[in-house]
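I have a structure I would like to understand better, so I am pasting it below and will then ask my questions one at a time.
In what follows, every chain begins at residue 1, and chains take the letters A, B, ... in the order their sequences are listed.
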2 protein chains.
Amino acid sequence: MSTINPYDVVPKYYQLANILKQKILEGEWQPRTLIPSERALEAQYNISRTTIRQAIDHLEKQGFIYREHGRGTFVSPQKLQKGLQELTSFSEDMLGRNIQPGQIIQSIERLTPPEDVLQRLELPPDAKVLRVERVRLGDDIPIGLQTSFLKLAEHQIITREDLETAGSLYRILQDKFNIIPTEADETLEVTLATPHEASLLQIKPGAPLLLSERLLYNQNREPVEFVKILYRGDRYRYLIRLTR
Amino acid sequence: MSTINPYDVVPKYYQLANILKQKILEGEWQPRTLIPSERALEAQYNISRTTIRQAIDHLEKQGFIYREHGRGTFVSPQKLQKGLQELTSFSEDMLGRNIQPGQIIQSIERLTPPEDVLQRLELPPDAKVLRVERVRLGDDIPIGLQTSFLKLAEHQIITREDLETAGSLYRILQDKFNIIPTEADETLEVTLATPHEASLLQIKPGAPLLLSERLLYNQNREPVEFVKILYRGDRYRYLIRLTR
DNA sequence: AATATTAACTGGTAGTGACCACATGACAAC
DNA sequence: GTTGTCATGTGGTCACTACCAGTTAATATT
């Protein structure tokens, strides 16, 4: 069994949460069963109840456990499809489904985007953004057509090499420009493929597509990216977990 | 200004959260501006920092504010589209968009559903469920075709009257059967309308539809309802907020 | 046997005190 | 001017303590 170090860069509650999570993932604690009470854990790990509760809070938010006042804390029964409702990049999304992500870069250009994109990015009418167009692949099959509009200064460049090596655009934003995605608003709707889109996605013109439009905010809640992804209707399904 | 009662059924942190929320909604605290520090609020309201933090935790989770370590706590700038990522019924969804929800009840029947529905509801092969078919309206225009499969005992009946008076199915589940929806897994994908679906939705056969499939869990994390909604592609757009 | 009471659990709320980690601006040193 | 140091203010973590609020089962009462 792992132990908890009293002084570390990693908070105690976080370490504890991982220990408990482990017990669930490894099956030591079965779904629907009661886990030790907060007072019991307090004694067992010699950690204050404050910290115990903080750890359990995290696990509850992540959907591993649920609490019932007066009865106890239980392991969630659901074969948890990890981190739905979480902000993920296309690559992360694919990896979560055990599909190998890939991409064909169509273009990287600095230009003035359509009016509606400027508005959402809170930019003046003549501003320029970096547009990145890619066909996204899953296990080498076209899944979606992705167009990103990035609010970046003129000297902030993203190259083909950046994209090819990093794979994920979020990685680049974080490492190269210190932009950390924290939140996004997304809409989903249905459209039909234009001939151009159809040829890129290797489907028939007029085939149904799932259109996702996502406005991404950085750590200061400023919009930094507007992304459109046209998903092939026959090869993609959107998953979320909702809570009340 | 409101005051905080020391002893009440309503927790202090909850009352405080509402007071702070009010200040944001009424515009007293403008977006992006710093709100008083936790120590300042502690002094101002004569509440311990523990409780202050608990209130702020809630507001942060709801997206009203965000914190930056070492800098302070700020009001979120976003014209918050309330409670996305939250579990809502069709009626609640519509009301949140300022659209009047409505329904045409097609049928209410007790029957054995398709195999896949039984499996998701964790029922044996011969089990029966209550199926409710409705055309859902928004401002009197057909928006979606909704089919609910409810895991209910034989004596647990839902009548047309129940549905017509309550409006929301969730209301009925809660009031009549003490089933409280707490969580759901949802998938979204694209399909094309069959002639039958098209006629009910008043669109052309083959028109693109957004198909939502939702498995709803009760307070004990048991599946209680499986709902399919076929949304008209031209009249419905799905909204969510994602966080990281 | 049925019903009411109670004791002993559970998680939930609240206060106090202490210190850590990060950000920032004032100020000293160069 | 530039750079480095440091004091101060912010949120983050943690311990200890106390009591409130549901749940349950044993027990007493009828």
Side-chain angles (χ1 to χ4, degrees), chain A residues 3-20 29 32-61 64-76 174 178 180 182 218-221, chain B residues 3-20 29 32-61 63-76 178 180 182 218-221:
Chain A
T3 52
I4 292 189
N5 305 316
Y7 247 18
D8 208 329
V9 197
V10 185
K12 247 185 193 177
Y13 76 86
Y14 192 82
Q15 297 179 47
L16 177 62
N18 279 329
I19 291 175
L20 303 184
W29 287 350
R32 298 202 168 286
T33 59
L34 202 57
I35 75 170
S37 77
E38 298 175 354
R39 271 108 176 161
L41 291 170
E42 192 178 2
Q44 180 178 351
Y45 290 99
N46 198 26
I47 293 179
S48 80
R49 195 169 155 225
T50 316
T51 305
I52 303 280
R53 279 185 65 78
Q54 207 173 349
I56 292 183
D57 280 347
H58 265 241
L59 293 178
E60 188 181 27
K61 202 159 63 179
F64 287 101
I65 57 169
Y66 61 98
R67 300 199 252 218
E68 292 189 33
H69 190 176
R71 306 223 309 131
T73 303
F74 304 83
V75 177
S76 291
Q174 191 157 344
N178 197 32
I180 301 170
T182 54
N218 69 5
Q219 61 269 45
N220 295 319
R221 267 58 182 179
Chain B
T3 53
I4 293 187
N5 306 316
Y7 245 22
D8 206 331
V9 197
V10 186
K12 248 184 192 178
Y13 77 86
Y14 192 81
Q15 297 179 47
L16 177 62
N18 279 329
I19 292 176
L20 303 184
W29 288 349
R32 298 199 169 287
T33 58
L34 202 56
I35 76 169
S37 76
E38 297 176 355
R39 272 113 177 155
L41 290 171
E42 192 178 3
Q44 180 179 350
Y45 290 100
N46 198 27
I47 293 179
S48 79
R49 194 167 157 227
T50 316
T51 305
I52 303 281
R53 280 184 65 79
Q54 209 173 347
I56 293 183
D57 280 348
H58 265 240
L59 293 177
E60 188 181 27
K61 202 159 64 179
F64 287 101
I65 58 169
Y66 60 98
R67 299 200 252 218
E68 292 191 33
H69 191 176
R71 304 223 309 132
T73 304
F74 304 83
V75 178
S76 291
N178 196 32
I180 301 170
T182 54
N218 69 4
Q219 61 270 44
N220 295 319
R221 266 62 180 178

Parallel, tilted or perpendicular: which fits the ring planes of A/Phe74 and A/Tyr66, with parallel below 30° and perpendicular above 60°?
parallel

Measure from the side-chain N and O atoms of A/Thr182 to the backbone N and O of A/Asn218, and report whether any donor-acceptor pair falls under 3.5 Å.
yes

Among D/dG11, D/dC14, D/dG22, which is the nearest nucleotide to the side chain of B/His69?
D/dG11

Which nucleotide sits closest to the side chain of B/Thr73: D/dG11, C/dA14, C/dG11?
D/dG11

If you define the side chain from C-beta out and look only at heavy atoms, does anything of A/Ile56 sit under 4.5 Å from A/Leu41?
yes

Rounded distance (Å) that lies between atom P of C/dT13 and atom CG of B/Asp57:
12 Å

Measure the distance from CD on B/Gln54 to C1' on C/dT16 and round it to the nearest whole Å.
15 Å

Of the nucleotides C/dT16, D/dG12, C/dG12, which one has an atom closest to the side chain of B/Arg49?
D/dG12

Given that A/Tyr14 and B/Ile56 both sit by DNA chain D, which one's nearest nucleotide is further toward the 5' end?
B/Ile56

Identify which nucleotide among D/dG12, C/dA14, C/dT16 has an atom closest to any side-chain atom of B/Pro11, counting heavy atoms from C-beta outward.
C/dA14

The correct set of residues in residues 33-40 of chain A placing a heavy atom under 4.0 Å from DNA chain C is A/Ser37, A/Glu38, A/Arg39

Closest heavy-atom contact between B/Leu16 and B/Ile52?
CD2-CD1, 3.7 Å

Closest nucleotide among C/dA14, D/dA15, D/dG11 to the A/Thr50 side chain
D/dA15

Does B/Ser37 have any side-chain contact (heavy atoms from CB on, under 4.5 Å) partners at least two apart in sequence or in another chain, and if so, which?
B/Arg39, B/Ala40

Output the single nucleotide from C/dT16, D/dA15, C/dA23 whose closest atom is nearest the side chain of B/Arg71.
C/dA23

Please report, rounded to the nearest Å, how far the P atom of D/dG12 is from the NE2 atom of A/His58.
11 Å

In whole angstroms, the gap separating P of D/dT13 from CZ of B/Arg67 amounts to 9 Å

Please state how far atom CZ in B/Arg53 lies from atom C1' in C/dC20, giving the value in whole angstrom units.
13 Å

Restricting to salt bridge (Lys or Arg N to Asp or Glu O under 4.0 Å), what partner residues turn up for B/Arg71, sequence neighbours left out?
B/Glu68

Between P of D/dT13 and CD1 of B/Ile52, the distance in whole Å:
18 Å

Using C1' atoms of five pairs at each end, report the bend of the helix from C/dA1-D/dT30 to C/dC30-D/dG1 rounded to 10 degrees.
0°

Most 5' of A/Asn46 and A/Glu68 on DNA chain D, judged by nearest nucleotide
A/Asn46

Here the salt bridge (Lys or Arg N to Asp or Glu O under 4.0 Å) pairs for residues 44-56 of chain B, sequence neighbours left out, are B/Glu38-B/Arg49, B/Glu38-B/Arg53

OP1 or OP2 of C/dG12 sitting under 4.0 Å from any side-chain N/O of B/Lys12?
no

In this structure, NE2 of B/His58 is separated from OH of B/Tyr13 (nearest 0.5 Å) by 4.0 Å

A/Ile35: what forms a side-chain contact (heavy atoms from CB on, under 4.5 Å) with it, not counting sequence neighbours?
A/Trp29, A/Thr73, A/Val75

Once you round it to whole Å, what is the distance between P of D/dT23 and CG of B/Asn220?
11 Å

Distance, rounded to the nearest Å, where A/Glu42 contributes CD and D/dA18 contributes P:
13 Å

